[in-house]
Structures are given as structure tokens and as C-alpha cells.
Amino acid sequence: MSETDPLHAILADDAPVNLEAEFESSNVKEVLDKLDRELIGLKPVKTRIREIAALLLVDRLRKQFALTSATPTLHMNFTGNPGTGKTTVAMRMAEILHRLGYVREGHLVSVTRDDLVGQYIGHTAPKTKEVIKKAMGGVLFIDEAYYLYKPENERDYGAESIEILLQVMENNRDDLVVILAGYKDRMDKFFHSNPGMRSRVAHHIDFPDYSADELLHIAKLMLAAQNYRFSPDAEKAFFNYISIRMTLEHFANARSVRNALDRARLRQANRLFANASKSLSKTDLMTLEAEDILASRVFVEGKLDMDGDEGSDIVAD
Amino acid sequence: MMTNPNGIVTQGQFSFLPALTDAQITAQLKYALKHGWAIGVEYTDDPHPRNTYWEMFGNPMFDLKDAAGILMEINNCRKTFPNHYIRVTAFSSLRGVESPTMSYIVNRPKKEPGFGLVRQEAEGRSMRYTIHSYATDKPEGERY
């Protein structure tokens, strides 16, 4: 939390304040707009982020009248299926909280169980503390947090790590925001066996799965970021691809889309090579054609793409 | 003592000033972090000026972004050794520097008895002088 600026005197009781102006000056709008533009779907997530942003802004105005209230706890829990954008949102969260002056540095330290839990007695506490010290002034993001607690092994050191985390989450609320992430059912089990953790995490946000339309939108954004684009036919083909892929097993939302695009790029490169005699234009290098996508095994055999070995099919024909 | 009116050990930075507050320490830590220096917390109960190597309290802290974590460590050290000297050192790993760039005391014993002058008769009529800390008459850990 930023210290109260000594230059700002406490305002009189009837002095008007402008929420709009405060909103403009905080640059939060820019971040929220960026969030809207670059993150497709995720309605409940965006709503909650807006609420938090609003609360912190109002808190800032209240401070001008010396209406102090306890710093709100912002520890969060993100649950959702793989590839629904938990890590991406956590990264944004660090930036938003920094803009709002809630965290001082706004960096994100992303860790998993391995970074927190040691291998022998007395190893865990220093390890966890070091990570916490690194994350101070920013956001500590614990991915797959449910792995911290392994009930089947009573000598597991994860519990020690949780204890230290709990202490810091309570005592250093001003210095550190902890975000836990994981799959819904396992996180529920984790919180069930760690009630202390549950009560210290104020915001439980569930990330919904994407619809096929949203995934296509995401695919286009991903391609644009890498200076590629679909041809109109390819776009249709990719939409069909997503529809089929969603029904198959191991579907990981945006992550599956990213992998599919990477494979399509491989096929595109191969196609360009096959026609090497022809001189290529910039458009050729940028455009993914329908055939790059239709070659996928999802279409041909109705089976999963096995990463990596698809190129061989294409070379053959 | 004429040269040290407060009767306190003066070594490192800021030692002629009143004790630093936590806010001031934080500001100094921020300065060190801005330069990318690794910060360590050290303690001792032997105040002799030639006692260069103090005990480390935990590991030196690399790659931190914010001073709060270090202040937490300093406060832990103060809690564990309330009557020791505690100093904060900043180490620069820059090629050609590779040495401590800051060092200042953040905690000292309530009562510092100071140093006595010790004279030793040497060859002929020559005299050798050294200083001796009254505190070190007692064994380690019981000095303050």
C-alpha cells in the first residue's frame, strides 16, 4: 500500500471529490480496456477484477477524507480447467494492483510446489521464506497449489510450507498478494483440509470453459501477435477443427488452440517448401491456408494430433 | 570519550547519526536494491573494529524487488539477538567492484561499555598500544 502523501492534506467534510478524475489519473482504465481487448470471454473474472478495481479506487478517495479502513485482503484463488487463462490473468492482476497502488512493485513470482517445499527436515522453511521475500511488493502466484498438501503422506513437508504462507498472508497483507491456482475439484479438496487457508483467501474466482466462438477469436489474436493470419477458408476450417477437438479427450482450451496453431505453422512452412520454385510474397508468408489445418489428424482420423510426428504425413504427399 | 560523545561504537555508515528508524532503513534498502546489490544481515557481540567477519543471519538475499522482505529479516534478527550488534551489508557483484558497497549498524546493545587502552612494555623503553573492548572480557553470548 502506498503511504499517504504528506502533501495531500485531509479534505474538508463537504469537499467534493471526483471519482471519474481519480479513475482517469490511475491509468486503470487503460489496463481494464486492455484486459477486455486481449482476454476473450471470462465474464465472471472480468466482473470481479472490476469490482476489486472499484473498491481500491473508492478506498483511495476515502483516504483523502482520512476515512481509514483496514486494507482489504486481496489473496485470490483461481480455479478452472486447463488453458482457461489463470496464469495470464494472474500476470495482469499484478499490473492492475500495481497501478492501483496496492502493491509497490507489481512483479509476479510464479512458483509451484518444488519451489516452496524442501527435501529434508529444515529445508522447507528457508526455501519458502526466500520465495516469499522475492515476491514481496508484488504477487506470489502458486500454480497447482493443491500439490502443497499431500494428506496420504503424513511426513510430507508441504504442511510446513502452508503454515509459513498462512502467517505471511495474515501479517504482511500490505506487502504481498498471494494467488493460488488449480483445478476446481482438487482445490476444493485442498481448502477443505486447510480451513485456515480458505478463510484467508477472500476471492474465489472460477474460470469458465471457452465456447468455440471464443476459441476462434483467441486463435486469431494469437496469430495476429505472431504476424500470421487465416485465409477465409482456413478460418472456417479452424472453427470446424475446434468443434471436433472440443469433443475429444485432453482438451485444454486455449492451450490446445495454441498447440494446434503451432502445428499449422509447421505445415504451412512445409507447404511453402514444397512449392519452393514459386517466388513467395509477404502475404504467402503470413497466411495459413485451409489445407494447413485440414491436414490435422483430428479431421483425417478423428483422433488426437500426436505432437511432432505430423510433419511426416505432409512430406509424404 | 572526547572523540565519541555518545559513547557508542562508530563503524560503517550513518554511525555518528541517531539510530536509523525502520522507514529510514527501508529507504537505504531501496537504494541498494535499485543498484542490484545483494543484501545480507550480520550480527556479532565483539565490537572490535578489526572484527571484519560477522556471523550471517540467514543467507544473503539476492534478486529481491522490495525492501519489506529484508526488513522482516532484520526484525527477525533483532528478535533473536536483541543485545547484539546487527548490521546490514550490501554487496555489489559488478566486475571490478565485487565487494561490499554499504554497511551500517541497525541494532546495538543497550549499554556499550566501550574500549580501554592497553599498554605493553616492549624492547628498550618502547611502548605498544592497543585497544581492548571491556565487553569481550566475558565469554561469547554473555557479553551484553
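In what follows, chains are A, B, ... by sequence order, proteins preceding strands, each numbered from 1. Small disclaimer: the values here were computed from a predicted structure and weren't measured.
- When side chains are defined from C-beta on, A:D36 counts as touching A:R50, because their heavy atoms get closer than 4.5 Å.
- Applying the side chain to side chain donor-acceptor pair (under 3.5 Å) rule to pairs touching residues 85-101 of chain A yields A:E38-A:R92, sequence neighbours excluded.
- Listed by sequence position, A:K133, A:K134, A:M136, A:G137 are the residues of residues 127-140 of chain A in contact with chain B, using a 4.5 angstrom heavy-atom cutoff.
- A parallel orientation is assigned to the rings of A:H123 and A:Y120, their planes being inclined by less than 30° (bins at 30° and 60°).
- When the heavy atoms of residues 83-99 of chain B are compared with those of chain A, none of the residues falls under 4.5 Å.
- In this structure, the side chains of B:D137 and B:H132 come closer than 4.5 Å at one or more pairs of heavy atoms.
- Neither the backbone nor the side chain of A:N171 comes within contact range of chain B, judged by heavy atoms closer than 4.5 Å.
- Ion pairing between A:K63 and A:D59 fails under the 4.0 Å rule for side-chain N and carboxylate O.
- Residues in residues 44-56 of chain B take part in these side chain to side chain donor-acceptor pair (under 3.5 Å) pairs, two or more places apart or across chains: B:T44-B:N51, B:D45-B:R143.
- Looking at heavy atoms from C-beta onward, A:L180 lies in side-chain contact with A:V178 at the 4.5 angstrom threshold.
- Put simply, the side chain of A:T112 does not reach to within 4.5 Å of the side chain of A:Y147, judged on heavy atoms.
- Between A:F78 and A:F207, the angle of the ring planes lies from 30° to 60°, which puts this pair in the tilted group.
- Side-chain atoms of B:N107 come within 3.5 Å of backbone atoms of B:P82 as a donor-acceptor pair (strictly under, hydrogens ignored).
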